[in-house]
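What follows is a set of notes on a single structure, which appears directly below.
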Amino acid sequence: MAVERASQYSCEDSDLTLDVHRVLWPQLQAAPRLQGIYELEIASSEALYRVERNGVLIDAPTLQQQSHELGQRILQLETEAYEIAGQPFNLGSPKQLGEIFFDKLGLPVIKKTATGARSTDEEVLEKLAEDYPLPAKLLEHRSLSKLKSTYTDKLAGMALPRDGRVHTHYAQAVAVTGRLSSNDPNLQNIPIRTVEGRRVREAFVAPPGHLIASADYSQIELRIMAHLSGDEALLRAFRDGQDVHRATAAEVFGIAPEQVSAEQRRYAKTINFGLIYGMSSFGLAKSLGIETKAAAAYIERYFQRYPGVKRYMDDTRAAAKTQGYVETVFGRRLYLPEINSPNGPRRAGAERAAINAPMQGTAADLIKMSMVQVQQALDAQRPGVRMVMQVHDELVFELPESEADWLREAVPALMAGVATLQVPLVAEVGMGRNWDQAH
DNA sequence: AGGTTAAGCGCG
DNA sequence: AAAGCGCGCTTAACCT
């Protein structure tokens, strides 16, 4: 019976795939630039198959130890929270939390969720923590619970007994921008931003005699913005190898790069990232904790200093409205059916996606090219080196110690050379016994 | 028992 | 009215 079901499924799958082919193939023939993207996807699938089969070695005892430590601290936080609240409750239930916070303790409601419930998200808790003791406990409890339940408790159990390795699945046709996504487990959202979270990466290890190497593109999306916009000041910053956030701060604040303070650089970094996402003055104000008017002044100043970027953003919105889609450097398309919607918020959302997709998508194109070329080089010259993960702008490898010099030299060169843009592409490598040390 | 949605949060 | 792009996973709550 199982065989019959399998053969029926296989036949249906092939038949339906042929139906799809008959529809899509003529469309592909009519769109020359998309043929190149199609070829890239076919070539990438070969490299992805290899990465998935390789998997990455997980150090289970390290995770178990971390789970234990997290569990102790979480228990302690729960006791302290009950003490402050005057009663036990489920800290993991936003509903119960709302009742304790807003009904029992009378804390102010900062904002509502999409469905009208009183929000207790991180931003709200941060604000409330300024005046009350309980929110801070919740914030720590939330972050540690996340680490334990999603990572330290789960990962080791997902390693195959056969090889002690986790084999994620990469989806090649999920993210609309052309990025990969990773699932079961997702290895593209392993913590790194906090010191406690980073420790999870210590459990992504190399076998004895081997190393983990991480090679990542430097400032890839901003470089693509420079290329796409052709903005002179941004091009110059990258061509001269400047610290781009510092350079932006110098422009926006009208001072010399050496005079830029740490806070000014942080502002500029937020502005640079915000622009890639189509952020408004309202959003910039919120993330910098300043007045909307002040944020608007920074953005205006930015566009005065980088007029090419302003022109690019306007042109991209306009092109999206007339064509109904936007393209990456290599011709990958993102269709935007809501770009001319009469619904203001929906249309604005489509405009932000239109701004972002060419940059995010071009970065995705480039790292797929890198994966193809690097895998070909490994097969031809370095069969002992395995590519084991892709994290959007980063490739991770497991290598015999004897291959360290080769990899340090060859992989960034390949990654930088996959395409010639108006600015140089730069890739950096780190190595160590585990993924944390490789950064 | 199993599926879905909401809220929340991890990453680039 | 909404206000920052792209994802996947966990828990609670609710449903069949």
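Every chain is numbered from 1, with letters handed out A, B, ... down the list of sequences. None of these values were measured; they are calculated from a predicted model.
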*asked:* Between B/dA7 and C/dA3, how many Å separate the two P atoms, rounded to a whole number?
replied: 14 Å
Output side-chain donor-acceptor pairs under 3.5 Å for residues 293-301 of chain A, partner residues at least two apart or in another chain, one line each.
{"unit_1": "A/R301", "atom_1": "NE", "unit_2": "A/V252", "atom_2": "O", "d": "2.9"}

*Grab the CD-P distance between A/E394 and C/dG6 for me, whole Å please.*
22 Å
*Using a cut-off of strictly less than 4.0 Å between a heavy atom of the residue and any atom of DNA chain C, enumerate the qualifying residues of residues 141-155 of chain A by number.*
A/K146, A/S149, A/T150, A/K154
*Looking at DNA chain C, which of residues 423-437 of chain A put a heavy atom within less than 4.0 Å of it?*
none
*Report yes or no: does A/H227 contribute a side-chain atom to a donor-acceptor pair with the main-chain N or O of A/Q422 at less than 3.5 Å?*
yes
*asked:* With a strict under 4.0 Å distance from non-hydrogen atoms of chain A, what nucleotide opens and what nucleotide closes the contacted stretch of DNA chain B, reading 5' to 3'?
replied: B/dA6 to B/dG12
*asked:* Please determine whether side chain to side chain donor-acceptor pair (under 3.5 Å) holds for the pair A/T120 and A/R142, giving the CA-CA distance in whole Å, both sets of side-chain angles, and the decisive distance to 0.1 Å.
replied: CA-CA 11 Å; A/T120 67; A/R142 283 247 180 97; 2.9 Å; yes
*Between residues 320-351 of chain A and DNA chain C, which residues have a heavy-atom gap below 4.0 Å?*
A/P345
*Where do A/S67 and A/T152 come nearest, in terms of heavy atoms and distance?*
OG-OG1, 2.8 Å
*Looking at A/K310 and A/D231, does any basic side-chain N land under 4.0 Å from a carboxylate oxygen?*
no
*Hey, can you pull the residues of residues 279-286 of chain A with a non-hydrogen atom under 4.0 angstrom from DNA chain C?*
A/M279, A/S280, A/F282, A/G283
*Does A/D314 come within less than 4.0 Å of A/R311, counting only side-chain N to carboxylate O?*
no
*asked:* If the threshold is 4.0 Å, N to carboxylate O, is there a salt bridge linking A/E202 and A/R433?
replied: no
*Is the backbone of A/V244 close enough, under 3.5 Å, to the side chain of A/Q242 for a donor and an acceptor to pair up by distance?*
no
*Quick one: does A/K269's side chain have a donor or acceptor within less than 3.5 Å of a partner on A/R246's backbone?*
no
*Output yes when a side-chain donor or acceptor of A/H167 lies under 3.5 Å from a complementary backbone atom of A/R53, and no otherwise.*
yes
*Sequence neighbours left out, what passes side-chain contact (heavy atoms from CB on, under 4.5 Å) with A/S143? Give chain and number order.*
none
*asked:* Strictly below 4.0 Å, N to O, side chains only: are A/R199 and A/D436 in salt-bridge contact?
replied: no
*Between the side chain of A/N54 and the main-chain N/O of A/V388, is any donor-acceptor distance below 3.5 Å?*
no
*Is A/E338 salt-bridged to A/R347, cutoff N-O under 4.0 Å?*
no
With a cut-off of 3.5 Å and sequence neighbours excluded, list every side-chain donor-acceptor pair involving residues 213-223 of chain A.
{"unit_1": "A/S214", "atom_1": "OG", "unit_2": "A/E394", "atom_2": "OE2", "d": "2.6"}
{"unit_1": "A/Y217", "atom_1": "OH", "unit_2": "A/S370", "atom_2": "OG", "d": "2.6"}
{"unit_1": "A/Y217", "atom_1": "OH", "unit_2": "A/M415", "atom_2": "O", "d": "2.7"}
{"unit_1": "A/R223", "atom_1": "NE", "unit_2": "A/S218", "atom_2": "O", "d": "2.8"}
{"unit_1": "A/R223", "atom_1": "NH1", "unit_2": "A/P424", "atom_2": "O", "d": "2.8"}

*Verify, without hydrogens or angle tests, whether A/T150 (side chain) and A/L147 (backbone) share a donor-acceptor contact under 3.5 angstrom.*
no
Show the distances under 3.5 angstrom between N or O atoms of the protein and N or O atoms of nucleotides 14-16 of chain C.
{"unit_1": "C/dC14", "atom_1": "OP1", "unit_2": "A/K95", "atom_2": "NZ", "d": "3.4"}

*Sorted by number, the residues of residues 102-136 of chain A with heavy-atom contact under 4.0 Å to DNA chain C*: none
_Show me, range against range, the stems involving DNA chain C, built from at least 3 consecutive Watson-Crick or G-U pairs below 3.5 Å._
B:1-12 with C:5-16
_Pairs meeting criterion salt bridge (charged side-chain N to carboxylate O under 4.0 Å, His left out) with involvement of residues 157-168 of chain A, two or more places apart_ = A/R165-A/E398
